[in-house]
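In what follows, a single structure is set out as structure tokens and then discussed.
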Amino acid sequence: MLKIAPYFSNKLIAWYLQNKRELPWRNTANPYHIWLSEIMLQQTRVLQGLPYYLKFVEAYPKIEDLANAPEDEVLKLWQGLGYYSRARNLHATAKMVSEEMKGAFPNNYKDLLKLKGVGDYTASAIASISFNQPEAVVDGNVYRVLSRFFGISTPINTTAGQKEFKKLAQRLIDKDQPGTFNQAIMEFGARFCVPQNPDCGNCIFNDSCVAFQQRKVSQLPMKIKSKTVKIRFFNYLVFLSENERTILQQRNGKGIWHKLYEFPLIETSEEINLSMLKKLPQFQDFSKKLNIENISLFNEKPVVHKLSHQHLNTRFWIVETSEASESTIPISEVKNYAVPVLIENFVSEFFENY
DNA sequence: AACTCGGGGAG
DNA sequence: CTCCCAGAGTT
């Protein structure tokens with residue numbers, strides 16, 4: 001316990017009780033609901049995750065309902081939220097808890113940590129909020145608040161930084177109300193001690209915040225810059241048969257969008273034209289099997305779909321065929337498949353009048 | 001220790 | 001444009 005801990009905690013929690021948002025997962029200690037919200041909010045803003053939380057709670061009132069759902073259905077509900085391994089791990093953990101643990105959710109940090117998709121942050125969040133255990137969370141908000149208040153310049157995206165801030169948070173946590181403390185420091189970071197231009201003049205800690213006293217608020221927290229993004233070139237083959245069928249494929253193996261669906265994809269090392277497309281072996285595999293009548297380019301100017309670590313330079317080729325072959329689906333059923341936002345945007349634009 | 005994995009909001 | 005969000009898993 002640090003000498004400053006009671007001061008920090010009391011002031012923080014007082015602020016929280018006056019300023020907290022009313023959120024659906026704040027009116028319960030149900031570990032299923034807390035777990036669900038914490039998985040969804042990993043690297044995701046509250047306002048982005050909120051509608052998904054409401055959808056999931058309605059579709060799956062109990063963890064057994066989630067466990068019994070098909071994986072494709074879970075992915076479809078998750079569509080648009082990103083980081084789809086969260087959805088797959090969520091489903092796997094629901095089955096694990098429902099079937100092998102007979103529905104009894106793990107009730108302590110150590111056992112929670114064993115669950116797929118549950119790391120240090122999420123295990124601490126569930127342990128403190130649902131089971132009142134003094135396990136301190138360290139998320140992006142906590143890094144920011146603590147690095148500023150204590151004037152710590154250790155980079156947060158290093159092993160040393162993670163250990164240092166975890167230890168500090170653990171020494172600060174209010175052991176009588178750990179869940180409230182954890183939510184308070186995160187809410188304070190999200191709503192007041194914000195990344196850009198925080199209102200330090202009106203901050204409850206501006207007489208004790210080291211960064212504010214030393215005018216280093218804008219420099220904290222420190223972070224090691226990540227490398228530059230990779231640029232990729234995607235060519236989607238949007239097959240259209242005369243009886244209104246097309247082809248979707250499920251992504252498997254490693255990489256982005258694992259287990260989501262998309263049109264047949266040919267990735268190239270640069271932008272290509274129609275004659276280059278026709279010469280590609282991947283394309284010829286299709287032209288051998290299908291009677292292709294016409295090919296047109298939907299978007300001359302590539303759609304640049306930006307992910308945090310890669311830019312997808314994407315063009316959609318409309319490939320009209322005379323007849324339906326095997327492995328096609330009715331165009332009207334495309335909307336039932338979980339697809340990346342990149343595909344969803346194209347589908348809603350192209351098939352709008354279809 | 002470094003890399004990978006989405007999408008969107010804010011300035 | 002840049003930064004970052006109630007991080008975790010893999011290499």
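Please read these numbers as outputs of a predicted model, since none were measured by experiment.
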Exercise. For the base of B:dG6, is there a side-chain donor-acceptor partner from A:Tyr83 under 3.5 Å away?
Worked result: yes

For this session: In whole angstrom, give the distance that lies between atom CG of A:Leu342 and atom P of B:dG7.
Result: 8 Å

Problem set entry | A:Phe316/A:Phe350 aromatic ring centres below 6.0 Å | no

Seminar exercise, completed: Heavy-atom nearest nucleotide on DNA chain C taken for A:Leu23 and for A:Lys116; more 5' hit belongs to A:Leu23

Problem set entry | Nearest heavy atoms of A:Leu112 and A:Ala123, plus distance in Å | CD1-O, 3.6 Å

Seminar exercise, completed: Judged by nearest nucleotide, the residue sitting upstream toward the 5' end of DNA chain B, A:Thr158 or A:His305, is A:Thr158

Exercise. Does A:Thr44 make a side-chain donor-acceptor contact with the base of B:dG6, cut-off 3.5 Å?
Worked result: yes

Exercise. B:dG6 and C:dT11: how far apart are their P atoms, nearest whole angstrom?
Worked result: 15 Å

Seminar exercise, completed: Sorted by position of nearest nucleotide on DNA chain B, 5' first, the leading residue of A:Pro340 and A:Lys230 is A:Lys230

For this session: Indicate, yes or no, whether a donor-acceptor pair under 3.5 Å links the base of C:dC4 to the side chain of A:Arg45.
Result: yes

For this session: Using a 4.0 Å heavy-atom cut-off across all strands, classify A:Gln310 as base, sugar-phosphate, or nothing.
Result: sugar-phosphate

Exercise. Under 3.5 Å, is there a donor-acceptor pair between the A:Tyr236 and A:Glu262 side chains?
Worked result: yes

Exercise. Can you tell me how far P of B:dG6 sits from CZ of A:Arg232, to the nearest Å?
Worked result: 11 Å

Exercise. CD of A:Gln196 versus P of C:dC4: gap in Å, rounded?
Worked result: 7 Å

Exercise. What nucleic acid atoms does A:Ser37 come within less than 4.0 Å of, heavy atoms only: base, sugar-phosphate, or nothing?
Worked result: nothing

Exercise. Heavy-atom count around A:Leu47 CG within 6.0 Å, excluding the residue itself: above 12?
Worked result: no

Exercise. Closest nucleotide of DNA chain C for A:Asn89 versus for A:His311: which of these residues is on the 5' side?
Worked result: A:His311

Exercise. For the side chain of A:Val341, counting heavy atoms from C-beta on, which of B:dG7, C:dA6, B:dG6 is nearest?
Worked result: B:dG7

Exercise. To the nearest angstrom, how far is A:Lys306 atom NZ from B:dG8 atom C1'?
Worked result: 13 Å

Problem set entry | A:Leu115 CG - C:dG7 P separation (whole Å) | 18 Å

Exercise. So, A:Lys166 and A:Ser124: side-chain donor and acceptor under 3.5 Å apart, yes or no?
Worked result: yes

For this session: Consider only side-chain N and O atoms of A:Lys167 and A:Gln170, and report whether a donor and an acceptor are under 3.5 Å apart.
Result: no

Exercise. Base, sugar-phosphate alone, or nothing: which one does A:Val46 contact when heavy atoms must sit under 4.0 Å apart?
Worked result: sugar-phosphate

For this session: Look at the side-chain N and O atoms of A:His309 and state whether any lies under 4.0 Å from the OP1 or OP2 oxygen of B:dT4.
Result: no

Exercise. In whole angstrom, what separates A:Tyr52's OH from C:dC5's C1'?
Worked result: 15 Å

Exercise. For the pair made of CG in A:Asp199 and C1' in B:dG11, what is the distance, rounded to whole Å?
Worked result: 16 Å

For this session: Kindly say if A:Arg144 contacts the phosphate of C:dC4, meaning a side-chain N or O under 4.0 Å from OP1 or OP2.
Result: no

Exercise. For A:Trp257 and B:dG7, is the shortest distance between a side-chain N/O and OP1 or OP2 below 4.0 Å?
Worked result: yes

For this session: Scan A:Gly189 against the nucleic acid and name what it touches under 4.0 Å (heavy atoms): base, sugar-phosphate only, or nothing.
Result: nothing

Exercise. For atom P, what is the distance between C:dA6 and B:dG11, given to the nearest Å?
Worked result: 14 Å

Exercise. Using a cut-off of 4.0 Å on non-hydrogen atoms, how would the nucleic acid contact of A:Gly49 be classed: base, sugar-phosphate, or nothing?
Worked result: nothing

For this session: Just call it for A:Val142: base, sugar-phosphate, or nothing, with non-hydrogen atoms closer than 4.0 Å on any strand.
Result: nothing

For this session: Classify the nucleic acid contact of A:Ile39 as base, sugar-phosphate or nothing, counting any heavy atom under 4.0 Å across all strands shown.
Result: nothing

For this session: Determine the contact category for A:Trp25: base if any of its heavy atoms lies under 4.0 Å from a base atom, sugar-phosphate if only primed atoms, P, OP1 or OP2 are that close, otherwise nothing.
Result: base

For this session: Indicate, with a heavy-atom threshold strictly under 4.0 Å, whether A:Asp120 touches base, sugar-phosphate, or nothing.
Result: sugar-phosphate

Exercise. Given B:dG7, C:dA6, C:dG7, which nucleotide is nearest the side-chain atoms of A:Leu307?
Worked result: B:dG7

Exercise. C:dA6 base to A:Arg191 side chain: any donor-acceptor pair below 3.5 Å?
Worked result: no

Exercise. CD of A:Gln42 versus C1' of B:dC5: gap in Å, rounded?
Worked result: 12 Å

Problem set entry | Check: C:dG9 base within 3.5 Å donor-acceptor of A:Ser85 side chain | no

Problem set entry | Short N-O contact, A:Arg26 and A:Glu187, less than 4.0 angstrom | yes

